[in-house]
2 protein chains.
Amino acid sequence: MAEKVTIATVARHARVSRQTVSNVLNTPQIVREETRQRVQEAIVALGYRVSQAARQMRTGRSRLIAMRIEPTRDGINGSVLDRFLHGLTESAEVAGYRVMLYTAGDTEREITAYDDLLSAYDLDGFVLTGTDHGDPRTAWLAEREVAFVAFGRPWDDLTAHPWVDVDGAAGTARATRHLLERGHRRIGFLGWPAPSGVGDDRRAGWRAALHAAGIDPAGLERAVEDGIAEGEWSMRDLLNADEPPTAVVCASDSLALGALQAVRASDPAVAVVGFDDTPVAAATGLTSVSQPLGEAAARCVDLLTAVLDGDQQSPEPVLLQPSLVLRHTA
Amino acid sequence: MAEKVTIATVARHARVSRQTVSNVLNTPQIVREETRQRVQEAIVALGYRVSQAARQMRTGRSRLIAMRIEPTRDGINGSVLDRFLHGLTESAEVAGYRVMLYTAGDTEREITAYDDLLSAYDLDGFVLTGTDHGDPRTAWLAEREVAFVAFGRPWDDLTAHPWVDVDGAAGTARATRHLLERGHRRIGFLGWPAPSGVGDDRRAGWRAALHAAGIDPAGLERAVEDGIAEGEWSMRDLLNADEPPTAVVCASDSLALGALQAVRASDPAVAVVGFDDTPVAAATGLTSVSQPLGEAAARCVDLLTAVLDGDQQSPEPVLLQPSLVLRHTA
DNA sequence: TCCAGAAACTTGAACGATCCAATCCTGCCT
DNA sequence: AGGCAGGATTGGATCGTTCAAGTTTCTGGA
């Protein structure tokens, strides 16, 4: 039975002290090159690996970051978080961190979960998603000086905490301009009721693009909760107007899918663009605005490690540009 | 600043020794009831939480289980793992475990990942998904006596290791019987090329149901790789046969979605049933066979904890029954 | 050659829990 | 009253690492 390889085993093998091995691992610059190499060879030869538990006990840091996994409500938009999570795990591994999952029924229980994760597992940081106006979670974490990054802007105060987000307005603007170039003039918008950080942002992009083209958006928009059925009937409503749109930009693929069903029967083909580029969009040939989720996840890890390494308290937020994936519907 | 609460703090507060507090936590039955209560009160009063790091260092166990998160290839079927993962996290929390994620490009690197996770983080166990014929991962883990459960049967030898699975054959059989009850006689099947554990199983259910009804399945099936396009053209192929089917059961929602597109133009409506009940199925009104993923995840945790608690080396495998979710297409 | 000062390396202690072996009760039997 | 079994409780050692402080080695200038 192979004996456990500890830092002491390596030290003996390389004929140095424990501390020198530790220095090779943590502060290699203070170790003489020759010694460093000797220790490195011993590490490889013995297959040594640092015990995170022991390190954690001494330093109080676990090299673990946590993210909440939500029950896939909609299922359609759920895949966005799924892809983000994969990117996060991958980027975290490169930076020497691991991702731990947790669930929480509501915000209150989420805060209880923080408390538990922090005291029992010495978690290093959190990645939050779907932060909203005056989120109690960010306040709780900030108060206790826990490192965290949000995927999604703090809409009240953009300097409240580090964040990474995708420029939704730029995405809808791009979609709208694409439709304008295709000759559409009456371009509708299906979005969510205000106030909604994400929703208002996406609406603003559409509106700005129309304004820039000298078109009045009045009467061309509808605001409903997210969902396929909601998308379908609000699109029908839009089509029944005096001057119905010939194209529509939607705040989500769910709405777009509903719109598509409403439009199917209509005579002159009405163009539809969705948002998020979910698998459903790919499956049904829906043109959609795509978020660079892998990139977003990588930036989250960057910001989080910057805070954890103490480089800076609040690193510059990151705003990424989405792209338009053209398919059959527009 | 609140001082850190350790087992010693609790001991002092409850006027007992450290060991007694430890006993209250780990083997409460050997502590006198009165003492136990006094210690419990102190724990609550001080907000004490056991330091996993310290416990882990002494015991070598981390109360952490790991699961691989794969890049959502298809996106459609990816959501299955996503839902499973949520269930797993939830059930693990109840059992006092946490879920850690890892990625791995290929099988070889996955084994390297095991090594790393085990030696650095003292991982307690793994949940594997998509195990296949003669999987090297299970062999590696078994050899080192690492606890693991597979979500998916070991198709060669059903007693090779603990597993949880969903009875795919029962699902396709149920779907087929449903179509028979609706009066269909010529019921086709779109599946994957053999050998494929999951695929062959699902095909077998369809075939058995037809046999039971005295129908010859010859010429009614097609085998292709998974995908929407593949589903579409193989369904067209099936429709061009001498006696085309009036209904089709598919091995996945991707294939079913393709089949649906091929069928859309056909005059007498051809019924389509998918498999996995993905969000895409829900969105497009596709009737599909649904796997009880939350239940499966919970059983995985049950088996894994049984192994970890040393109750039994190889607990009974679990085979769950899927259900048929009826929508517009069948 | 000698010495100051920096660089490189070593030693002892500590993190917070559990394991082990030893001690203290308590009630019961003689 | 004394002895004893057995459960309840205690103190010391330990896991593998890093921190703090100490010791040795090296470098270069007088």
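In what follows, chains carry the letters A, B, and so on, assigned in the order in which the sequence lines appear, proteins first and then strands, with residues in each chain numbered from 1.
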Length of the [atom1]-[atom2] vector between [X] and [N], whole Å:
X: B:Asp122; N: D:dG16; atom1: CG; atom2: P; result: 10 Å
X: B:Ile30; N: D:dT10; atom1: CD1; atom2: C1'; result: 12 Å
X: B:Glu34; N: D:dG7; atom1: CD; atom2: P; result: 19 Å
X: B:Asn26; N: C:dG16; atom1: CG; atom2: C1'; result: 13 Å
X: B:Arg61; N: C:dA17; atom1: CZ; atom2: P; result: 18 Å
X: B:Ile7; N: C:dA14; atom1: CD1; atom2: P; result: 19 Å
X: B:Arg12; N: D:dT10; atom1: CZ; atom2: P; result: 14 Å

From A:Gln321, A:Gln291, A:Glu295, residue fulfilling side chain to side chain contact (heavy atoms under 4.5 Å, CB included) relative to A:Val166: A:Gln291
If the condition is side chain to side chain donor-acceptor pair (under 3.5 Å), which residues does [X] pass it with, not counting sequence neighbours?
X: A:Thr20; result: A:Ser17
X: A:Gln37; result: A:Glu33
X: A:Asp156; result: A:His133

DNA chain C contacts among residues 36-57 of chain B, heavy-atom distance under 4.0 Å: B:Tyr48, B:Arg49, B:Val50, B:Ser51, B:Ala54, B:Arg55, B:Met57
Taking NZ, NE, NH1 and NH2 as the nitrogens, is one of them in A:Asp115 or A:Arg144 under 4.0 Å from a carboxylate oxygen of the other? no
Does B:Thr6 make a side-chain N or O approach to OP1 or OP2 of C:dC15 shorter than 4.0 Å?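 For C:dC15, neither OP1 nor OP2 has a side-chain N or O of B:Thr6 closer than 4.0 Å.
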Do the side-chain N or O atoms of A:Ser22 get closer than 4.0 angstrom to the phosphate oxygens (OP1, OP2) of D:dT18?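 Looking at the OP1 and OP2 atoms of D:dT18, one of them is under 4.0 Å from a side-chain N or O of A:Ser22.
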Would a distance-only check, ignoring hydrogens and angles, find a side-chain to backbone donor-acceptor pair under 3.5 Å from [X] to [Y]?
X: A:Arg153; Y: A:Asp165; answer: no
X: B:Arg38; Y: B:Glu34; answer: no
X: A:Glu41; Y: A:Ala14; answer: no

Using the ring of each side chain (for Trp, its six-membered ring), is B:Trp140 parallel, tilted or perpendicular to B:Tyr114, with breaks at 30° and 60°?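 Correct class here is tilted.
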Aromatic rings B:Phe148 and B:His161: how do their planes relate, parallel, tilted or perpendicular, breaks at 30° and 60°? tilted
Every protein N/O within reach of nucleotides 10-13 of chain C N/O, cut-off under 3.5 Å:
unit_1 : atom_1 : unit_2  : atom_2 : d
C:dT10 : OP2    : A:Ser17 : N      : 2.7
C:dT10 : OP2    : A:Ser17 : OG     : 2.9
C:dT10 : OP2    : A:Thr20 : OG1    : 2.7
C:dG12 : N7     : A:Arg18 : NH2    : 3.3
C:dG12 : O6     : A:Arg18 : NH2    : 2.8
C:dA13 : N6     : A:Arg18 : NH2    : 3.1

For a quick check under 3.5 Å, do B:Glu110 and B:Tyr102 share a side-chain donor-acceptor pair by atom type?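 Result is yes, a qualifying pair exists.
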Counting primed atoms, P, OP1 and OP2 as sugar-phosphate and everything else as base, the B/S/- map of nucleotides 23-28 of chain D against protein heavy atoms under 4.0 Å is ------
